[in-house]
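Letters A, B, ... are given to chains in the order of the sequence lines, protein chains preceding strands, and every chain is numbered from 1. From a predicted model like this one, the values you see are computed outputs, not experimental measurements.
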2 protein chains.
Amino acid sequence: MAPTSTDADQLQLVKSFERLFALLRRLNPQQDLSLTAASTLRTLERCGPHRLSDLASAEGVTQPAMTQLVSRLERTGLAERQTDPADGRVVVVDIADAGRDLLRQRREARAGKLAALMAELDDADRAAIMAALPAFDRLADLFGDLGQI
Amino acid sequence: MAPTSTDADQLQLVKSFERLFALLRRLNPQQDLSLTAASTLRTLERCGPHRLSDLASAEGVTQPAMTQLVSRLERTGLAERQTDPADGRVVVVDIADAGRDLLRQRREARAGKLAALMAELDDADRAAIMAALPAFDRLADLFGDLGQI
DNA sequence: TATTGTTATACTCTATAACTATA
DNA sequence: TATAGTTATAGAGTATAACAATA
């Protein structure tokens, strides 16, 4: 978007992002993890341990829903509950080694599929996408991993 | 990715896309539509009427799940069932005006939030993102709107 | 008394299996 | 007999409301 962004620019941006979102959703490896479960694990991987209530608001689900999700992740060995020595009410959640392994596997599967698609683009398109990645990272930084709307 | 893409390039691509995916998911307007419902409506908007079974495989859900989803969309006036004169077994699904209106509303809401974020980037980052959109569109074209994995 | 998390209950969405109707 | 879709039933995931424990 140029310094003076037009409605047409904004619409184009949203539509392209919508299609990209759909593509990435369809590139999702398996149904072994729900979208929220995978996203929660990624947040823990990227940002370290967090309180249960912070995770709930980060993922846009209620506290009871996160309680259940964390219980599921714990039961399957992907994450673990810890206590906060400073406040007995707090539950701190951390990713477990099995969780990191699973994320790595899923990432590799998706990387392969994406690479196959990218290989079909011409050099200019590939270069344009790779050139935009740092900007995307900064866009995501602005929003924050625990960001709300 | 350069013509010769490295593992590091692929990992960077996937990680950036993962964060972008998370951002777009959190930018999602409301819970008025499930992710699959919204995606199905968008597919119908972009690509016109489709058979129920095609929609099911496009969205990666079973035929019974799509039967129920279409019933919900029909009950809420967002889509409608049509018959195929050439084959009495077939159900053709089309988006209704209310469905188009809803997609437009959601798109506007998301466009506003995205524009606010984009406004915080510097000119070079904004330009890099806008320059990559056509390449993203072609990437999505390669996969196809009804594409499988 | 306020905050953090859990339990109880109900609803939405999805899957698998069995069925109906048309080809 | 095969295909397109539906109905029946069960399970996962979520929300709201009520509760327990700690601050």
Side-chain angles (χ1 to χ4, degrees), chain A residues 22 25-26 28-44 49-94 102 146 148-149, chain B residues 22 25-26 28-44 49-94 102 146 148-149:
Chain A
R25 199 166 82 99
R26 284 164 197 185
N28 205 42
Q30 291 92 260
Q31 310 294 31
D32 50 353
L33 283 184
S34 75
L35 230 48
T36 307
S39 178
T40 301
L41 276 183
R42 276 193 299 265
T43 300
L44 292 173
H50 275 85
R51 323 171 99 188
L52 192 143
S53 51
D54 288 343
L55 291 175
S57 67
E59 301 301 331
V61 300
T62 60
Q63 226 175 35
M66 187 51 69
T67 289
Q68 287 205 21
L69 171 53
V70 168
S71 297
R72 260 178 281 141
L73 292 175
E74 205 174 29
R75 182 158 20 88
T76 52
L78 301 175
E80 48 195 29
R81 277 183 170 84
Q82 297 167 353
T83 55
D84 180 347
D87 187 337
R89 298 168 300 180
V90 168
V91 167
V92 173
V93 185
D94 196 5
L102 182 56
L146 303 179
Q148 298 320 298
I149 313 285
Chain B
R25 198 166 83 97
R26 285 166 197 183
N28 204 42
Q30 291 94 260
Q31 311 294 32
D32 52 350
L33 282 184
S34 76
L35 230 48
T36 307
S39 179
T40 301
L41 276 183
R42 276 193 299 266
T43 300
L44 293 172
H50 276 85
R51 322 171 97 185
L52 191 143
S53 50
D54 288 342
L55 291 175
S57 66
E59 301 301 332
V61 300
T62 60
Q63 222 174 39
M66 187 52 69
T67 290
Q68 287 205 21
L69 171 53
V70 168
S71 298
R72 258 177 283 143
L73 292 175
E74 205 174 28
R75 179 158 21 88
T76 51
L78 301 175
E80 48 195 29
R81 277 183 170 84
Q82 298 167 353
T83 55
D84 179 348
D87 187 337
R89 299 168 301 178
V90 168
V91 167
V92 173
V93 185
D94 196 6
L102 182 57
L146 303 179
Q148 297 321 299
I149 313 284

Straight-line distance of [X] [atom1] to [Y] [atom2], nearest 0.5 Å:
X	Y	atom1	atom2	value
Asp94(B)	Gln82(B)	CG	CD	5.0 Å
Leu33(A)	Leu102(A)	CG	CG	5.0 Å
Gln63(A)	Leu52(A)	CD	CG	6.5 Å
Leu78(A)	Thr40(A)	CG	OG1	11.5 Å
Arg51(A)	Asp87(A)	CZ	CG	6.0 Å

**Item:** Within-4.5 Å side-chain heavy-atom neighbours: His50(A) and Val92(A)
**Value:** no

**Request:** Report yes if the side chains of Thr83(B) and Val91(B) come closer than 4.5 Å at any heavy-atom pair, otherwise no.
**Result:**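 They are not in side-chain contact.
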
List, with names and distances, any nitrogen or oxygen atoms from the protein found under 3.5 Å away from nitrogen or oxygen atoms belonging to nucleotides 11-13 of chain D.
| from | atom 1 | to | atom 2 | distance (Å) |
| --- | --- | --- | --- | --- |
| dG13(D) | OP2 | Arg72(A) | NE | 3.2 |
| dG13(D) | OP2 | Arg72(A) | NH1 | 2.9 |
| dG13(D) | O5' | Arg72(A) | NH1 | 3.2 |

**Request:** Please step through side chain to side chain contact (heavy atoms under 4.5 Å, CB included) for the pair Leu69(A) and Leu55(A), ending with a clear verdict.
**Result:** CA-CA 10 Å; Leu69(A) 171 53; Leu55(A) 291 175; over 6 Å; no

**Asked** Does one side chain, of Arg72(A) or Ser34(A), offer a donor that lies under 3.5 Å from an acceptor on the other?
**Response** no

**Asked** Is the shortest distance from a Lys or Arg side-chain nitrogen in Arg25(A) or Glu59(B) to a carboxylate oxygen in the other one below 4.0 Å?
**Response** yes

**Prompt:** What's the CG-C1' distance between Leu69(B) and dT7(D), to the nearest Å?
**Reply:**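 It works out to 17 Å between those atoms.
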
**Request:** Take atom CD of Gln82(B) and atom C1' of dA4(D), then tell me their distance rounded to the nearest Å.
**Result:**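 It is 17 Å, rounded to the nearest whole Å.
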
**Message:** Counting the atoms with a prime plus P, OP1 and OP2 as sugar-phosphate, which does Thr62(A) contact under 4.0 Å by heavy atoms, base, sugar-phosphate, or nothing?
**Reply:** base

**Boundaries of the DNA chain C segment in contact with chain B, non-hydrogen, under 4.0 Å** = dC13(C) to dA23(C)

**Prompt:** Going 5' to 3' along nucleotides 17-23 of chain D, which nucleotides have protein heavy atoms under 4.0 Å from the base (write B), which only from the sugar-phosphate (write S), and which from neither (write -)?
**Reply:** B----BS

